[in-house]
Amino acid sequence: MISAIQTLNILLPILYGITFAVYLYDFVKDTRSMSDSKRIFLFLTLMIHIFYLLARTIEFDHTPITNKFEIFTLLAFSISFSYFVLELLTDVRGTGLFIILFSFIFQLISSLFIEDLFEVAEVLRNRLLGLHVVSSMLGYSGFTLAAVYGILYLMLYNEIKMNKFGLIFKRLPSLETLYKLCFYSVLIGFVLLTFGVVIGVIWLPSAFPNFSYSDPKLITTGIVWLIFGFIVAAKFIANWHGKIVVNIALFGYLVMILSIVFTIIFANSFHSFY
Amino acid sequence: MNLVGISINHKTAPIELREALHLSQDEIIDLIPKLKKDLFEDGFILSTCNRTEIFGTSKKSLLNHRELEEFIISHKPVKGIQPDHFTKYFSCAAVKHIFSVASGIDSLIIGDSQILGQLKDAFQKSEDMHFSGSIIKRVFDSAVRVGKRAIKETLIGEGAVTVSYAAVQVVEKVYSNLDKKSALIIGAGETGELAAIHLNDKGIGKISIANRTLEKAELLANKVHGEIIPFDQLKDHLYNFDIIISATSAPDLILTHDDIKSMMKKRKGNTCVIMDIAIPRDVDNKVSELPNVFYHDIDSLKIIVDQNMRKRKSEIPKVESIILEEMTNLFSWYNALDVVPTIKSVREFFDEIRSDELNKIKHKISKEDYEKLEDMTRRMMGRILHNPTIKLRELAESGTHTQEAVIHALILKELFNLEHGRNNGSPLYNDNNGDKFEEK
């Protein structure tokens with residue numbers, strides 16, 4: 001099993017790289033023949049990635065969330081998986097390369113530095129922690145997709161405004177579609193993050209005697225949750241849409257990245273496992 | 001192939017001459033019988049706003065194109081027309097030209113798909129008037145195939161190549177579902193009409209027309225199932241529309257920066273696309289600075305048109321290879337036409353021998369034996385003639401050994417005396433008196 005895991009560890013960044021290249025080729029060349037086959041490439045890569053994650057869980061007897069690089073491979077998978085579901089639901093096929101690029105980078109870093117840990121802290125074997133982390137990761141993946149679609153929205157918005165009718169204009173879907181993809185990614189991300197936060201709030205006080213609500217990771221995650229919650233509320237209550245929603249989503253994503261960096265580098269609390 | 005033709009088109013003559021020589025349906029109906037009587041076995045006449053063409057298989061072995069030019073000018077006198085305004089085609093070049101026209105690469109707007117329909121109509125007219133023989137029919141089938149393949153296998157017809165259509169293309173880049181959007185067309189002239197039709201074709205939810213002359217607005221509104229907005233109340237209704245296309249011939253601005261600004265306020269910032277396809281412009285171009293307003297004028301839309309034209313031009317080599325492929329197929333069929341009668345004669349010759357010989361023994365053997373013998377001889381003949389038939393057909397269809405195929409066919413005819421009446425293969429002997437008799 002170990003040798004299979006190690007082989008897949010090498011294979012996965014290559015597969016994400018190939019899938020990215022196929023999506024890039026189709027984006028540039030717009031060949032009709034590639035339109036379906038690129039989806040098959042992504043599907044196969046995701047299937048192999050699922051097998052890899054399951055193999056790690058079984059072999060090392062813990063969910064692959066015990067170190068940064070296991071988190072990275074989980075993030076790579078969840079980003080591409082969320083995109084794959086969106087592509088199937090919306091049949092918008094021209095944006096894949098911008099998303100898969102993230103998966104490729106995360107998987108590459110993970111494959112280069114990941115360690116095979118048999119011995120981990122007992123708390124990291126807890127299934128509730130696994131659920132808490134996986135759903136939070138999927139929530140963050142949703143926000144990553146929202147940010148990518150937001151950037152694409154702004155790029156196309158500016159291209160149309162400035163009368164530039166290049167590759168971005170030709171290949172991307174309409175502004176309205178990009179906005180919808182951005183908002184639905186926010187919505188899905190928000191629901192999953194909420195789920196992750198709720199599990200955390202219920203479980204953490206009982207698992208950690210030194211639990212504190214003033215924990216930096218809790219506070220920064222709370223801020224991120226509030227920003228994306230505001231977007232959802234503004235859409236449903238005040239019918240906000242378009243550029244303003246996209247801008248707030250991008251701001252939220254920036255805050256999310258900064259909060260991750262801040263809590264990893266500067267904050268040291270019961271909530272820091274790595 | 002004795003296919004000849006002349007063409008006057010946008011490449012050879014100015015619009016005034018093309019217009020003057022344009023043939024109406026009635027004129028074509030009138031011309032075809034005369035053409036059939038004097039010059040052609042079969043053929044067709046194609047006349048559109050950009051071209052008038054006459055093609056057919058000549059009655060004479062070599063038809064002078066000048067006769068064809070004179071024929072058309074005598075029936076439709078046009079002042080100032082010169083022989084140089086006509087392009088002349090014969091055989092291979094004629095087929096190539098017809099295929100190029102069908103594929104749209106010979107059109108003024110490259111990749112124009114309308115021409116294929118016009119060509120089909122021309123052939124249909126020819127067929128209805130019993131003016132299409134086997135060659136013209138085959139050329140027509142191949143031409144239609146070329147046209148369809150060009151659309152399906154290449155990008156020759158892709159992208160907007162008119163300003164009105166480019167405007168709709170930009171609208172589609174802003175909104176995903178046009179069926180939930182409303183559009184206002186200001187100006188019911190030709191450009192406005194085209195834009196309205198394109199939007200209607202794309203399934204726009206609601207369309208309204210505003211025009212100074214109410215009758216023209218009504219006419220267009222009826223055409224696109226739209227509503228009419230009184231021109232003097234135009235500004236009060238602006239905020240209701242997601243798309244505004246302005247194409248009037250007004251000398252001054254119709255919509256100012258302030259008009260659009262107040263409209264956007266009423267729309268609560270909701271996106272609005274404004275297409276100003278009028279010369280001079282109808283809308284103050286400073287509105288492009290307003291957030292969520294996508295303003296485009298003719299110059300910016302021309303960028304899209306030029307890009308698409310370049311792309312279509314780059315597809316021409318692909319279309320040309322389709323034309324070449326279909327020409328090869330057509331001429332293979334045509335070349336095989338020459339050897340088909342020979343093959344048929346040889347087969348009939350052998351069949352007659354077989355029948356004669358079988359008849360001689362028909363009453364000397366039992367019915368069962370006769371049937372067995374009949375079956376056996378049929379198979380034997382089939383096997384004997386299989387190879388020569390295939391070889392001769394292959395030589396002809398290859399198109400590169402036409403001469404060889406003709407020689408082979410001649411030898412066959414000579415050897416079996418097929419040209420000068422057959423003698424059923426019965427060997428002839430001289431009797432003592434020098435008279436010939438058949439062996440019994």
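Order of the sequence lines fixes the chain letters, A, B, ..., with proteins taken first and strands second; residue numbering starts at 1 for each chain.
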So what's closer than 4.5 Å to chain A heavy atoms on B/Glu172: side chain, backbone, both or neither?
-> backbone
Within a strict 4.5 Å, meaning less than it, do heavy atoms of the B/Lys173 and A/Glu159 side chains meet?
-> no
Looking at side-chain heavy atoms only, is the closest gap between B/Thr271 and A/Leu175 below 4.5 Å?
-> no
Side chain, backbone, both or neither: which part of A/Phe169 has a non-hydrogen atom closer than 4.5 Å to chain B?
-> both
CZ on A/Phe165 to CD1 on B/Ile304, rounded to 0.5 Å = 4.0 Å
Residue B/Gln233 excluded, over 12 heavy atoms near CD under 6.0 Å = yes
How long is the span from the CG atom in A/Asn163 to the CG atom in B/Asp299, to the nearest 0.5 Å?
-> 9.0 Å
Worked check of salt bridge (charged side-chain N to carboxylate O under 4.0 Å, His left out) between A/Glu176 and B/Lys180 = CA-CA 12 Å; A/Glu176 209 170 55; B/Lys180 288 178 186 146; over 6 Å; no
Would you say B/Tyr165 has more than 12 foreign heavy atoms packed within less than 6.0 Å of its OH?
-> no
Around A/Leu167, counting heavy atoms of other residues, nucleotides and ligands shown, do more than 12 lie under 6.0 Å from its CG?
-> yes
Flag, side chain of A/Lys161 to backbone of B/Val293, donor-acceptor distance under 3.5 Å = yes
May I ask you to check whether over 12 heavy atoms, not counting those of A/Lys235, lie within 6.0 Å of atom NZ?
-> yes
How long is the gap from CD1 on A/Ile160 to NE2 on B/His296, to the nearest 0.5 Å?
-> 6.5 Å
Within 6.0 angstrom of A/Phe41 CZ, more than 12 heavy atoms from elsewhere = no
A/Ile244 versus chain B, the contacting section by heavy-atom distance below 4.5 Å | neither
Crowded around B/Tyr239 OH? As in, over 12 foreign heavy atoms under 6.0 Å?
-> no
Give a yes or no on whether A/Met162 atom CE has more than 12 heavy-atom contacts from other residues, nucleotides or ligands under 6.0 Å away.
-> no
Report yes if the side chains of A/Lys180 and B/Ser176 come closer than 4.5 Å at any heavy-atom pair, otherwise no.
-> yes
Contacting moiety of A/Lys164, where chain B heavy atoms sit under 4.5 Å | neither
Do the ring planes of B/Phe294 and A/Tyr157 sit parallel (below 30°), tilted (30 to 60°) or perpendicular (above 60°)?
-> perpendicular
Which one, B/Ile303, B/Asn292, B/Val170, leads in non-hydrogen pairs under 4.5 Å with chain A?
-> B/Asn292
